[in-house]
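Whatever order the structure lists ligands and atoms in, that order sets their numbers, starting from 1. Everything quoted here is computed from the prediction, not taken from an experiment. Note: hydrogens, waters and symmetry copies are ignored here, and every other heavy atom, side chains too, is used.
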Amino acid sequence: MTYASTERPTPITVQTLRKMKIDGEKFITVALYDAPMATMAQRTGVEVVLVGDSLGMTVLGFDSTIPVTMEQMIYHVEAVARGNKKSLIIGDLPFMTYATPEQALQSATRVMQAGAHMVKIEGGAWLAETVSMLADRGIPVCAHLGLTPQSLHKLGGFRVQGRDDEQAGRIIDDAALLDEAGADLLVLECVPSGLAKRITDSVSMPTIGIGAGRETDAQVLVINDILGLTERPPKFSKNFLREAEDIPGALRKYAEDVKNGIFPDDNHTFG
Ligand code: KIV
């Protein structure tokens, strides 16, 4: 049996996603790590696939994303790229592989050559120069604000960010700077829904929420959470396999509920 996709459909691009934002059409993102899931995502019509460094926890058994290496990221990006010829594929740059713009360029080159169409980096204003440098060289960037798991120890745990005015103001300013620097997408993780809406309304790049309410331009969930494989799932995630007959059905249900504005509901949102 082969999982390598032989289909050659029209690929989703950065321009497709910008148009969806302008048209008010939500798009679907799934964080996944292997070829069969990538093929299933393509068949379900998932617009964006994220090969997240969450694979450190979901696949490799680490407690955080910090131990994930470039070699591990490349291995999984290559597998996902073999399995999916339509979705836009984002590859995370792992911990401390983009501490300077020059290092980011080298790391992004490797992840792009493995098959990603965009790289994701975590952080705010300090990354504006890096985003601009990568954008000028033709490398699309997905920024990531709010709960940034690679900064786990600085943040003091996996906590909701932007609850007070000072933190919220910083996230708003960071989003504006990264937008201006040329970022193409923005993941907002674990922030109050009102803050996510304010940022979504003020930036030109599409926003992808996870634990950020339903007002973002898109949603992302980790495949393990969608399929109920997580022992202690976060409040914002949902096991869609409970409402489906099989794995493709769970993915379809997630996609439909996001497109129809049913997910996330208030139970899966931080107010
Ligand atoms: O690594 C990852 O999967 C992520 C998502 C949870 C946004 O960054």
Looking at D179 and S204, would you say the former's side chain and the latter's main chain have a donor-acceptor pair under 3.5 Å? yes
Could you label the plane-to-plane angle of the F263 and H268 rings as parallel, tilted or perpendicular, counting under 30° as parallel and over 60° as perpendicular? tilted
Going by side chain to side chain contact (heavy atoms under 4.5 Å, CB included), L251 matches just one of L227, I223, L221. Which one? I223
Just verifying a value: how many Å separate Q150 CD and T65 OG1, rounded to the nearest 0.5 Å? 5.0 Å
Give the residue and atom name of whichever protein heavy atom lies nearest to atom 3 (O) of ligand 1, and the separation in Å to one decimal. S54 OG, 2.5 Å
Measuring from non-hydrogen atoms of E122 to any atom of ligand 1, is the shortest distance under 4.0 Å? no
Under 4.0 Å between a Lys/Arg side-chain N and an Asp/Glu carboxylate O for K253 and D257? yes
Close-contact set for ligand 1 against H144 heavy atoms, below 4.0 Å: 8 (O)
Check this for me: does any side-chain nitrogen of one of D266 and R214 sit under 4.0 Å from a carboxylate oxygen of the other? yes
Between T65 and ligand 1, find which residue part has any heavy-atom pair under 4.0 Å and reply side chain, backbone, both or neither. neither
Going by salt bridge (charged side-chain N to carboxylate O under 4.0 Å, His left out), D23 matches just one of K19, K26, K21. Which one? K19
Quick one: does ligand 1 sit under 4.0 Å from the side chain of I208, the backbone, both or neither, non-hydrogen atoms only? neither
For atom 5 (C) of ligand 1, what's the nearest protein heavy-atom neighbour? Residue, atom name and distance, please. L50 CD2, 3.6 Å
Checking heavy atoms under 4.0 Å, the part of A31 that sits near ligand 1 is side chain
May I ask you to check if ligand 1 and K120 share an N or O to N or O distance below 3.5 Å? yes
Could you tell me whether E245 and R252 have a side-chain N and a carboxylate O separated by less than 4.0 Å? no
What are the atoms of ligand 1, with element, lying closer than 4.0 Å to any heavy atom of G52? 1 (O), 2 (C), 3 (O)
Element-labelled atoms of ligand 1 that are located less than 4.0 Å from some non-hydrogen atom of I210: 6 (C)
Is there a polar contact, in the sense of an N or O pair closer than 3.5 Å, between Y33 and ligand 1? no
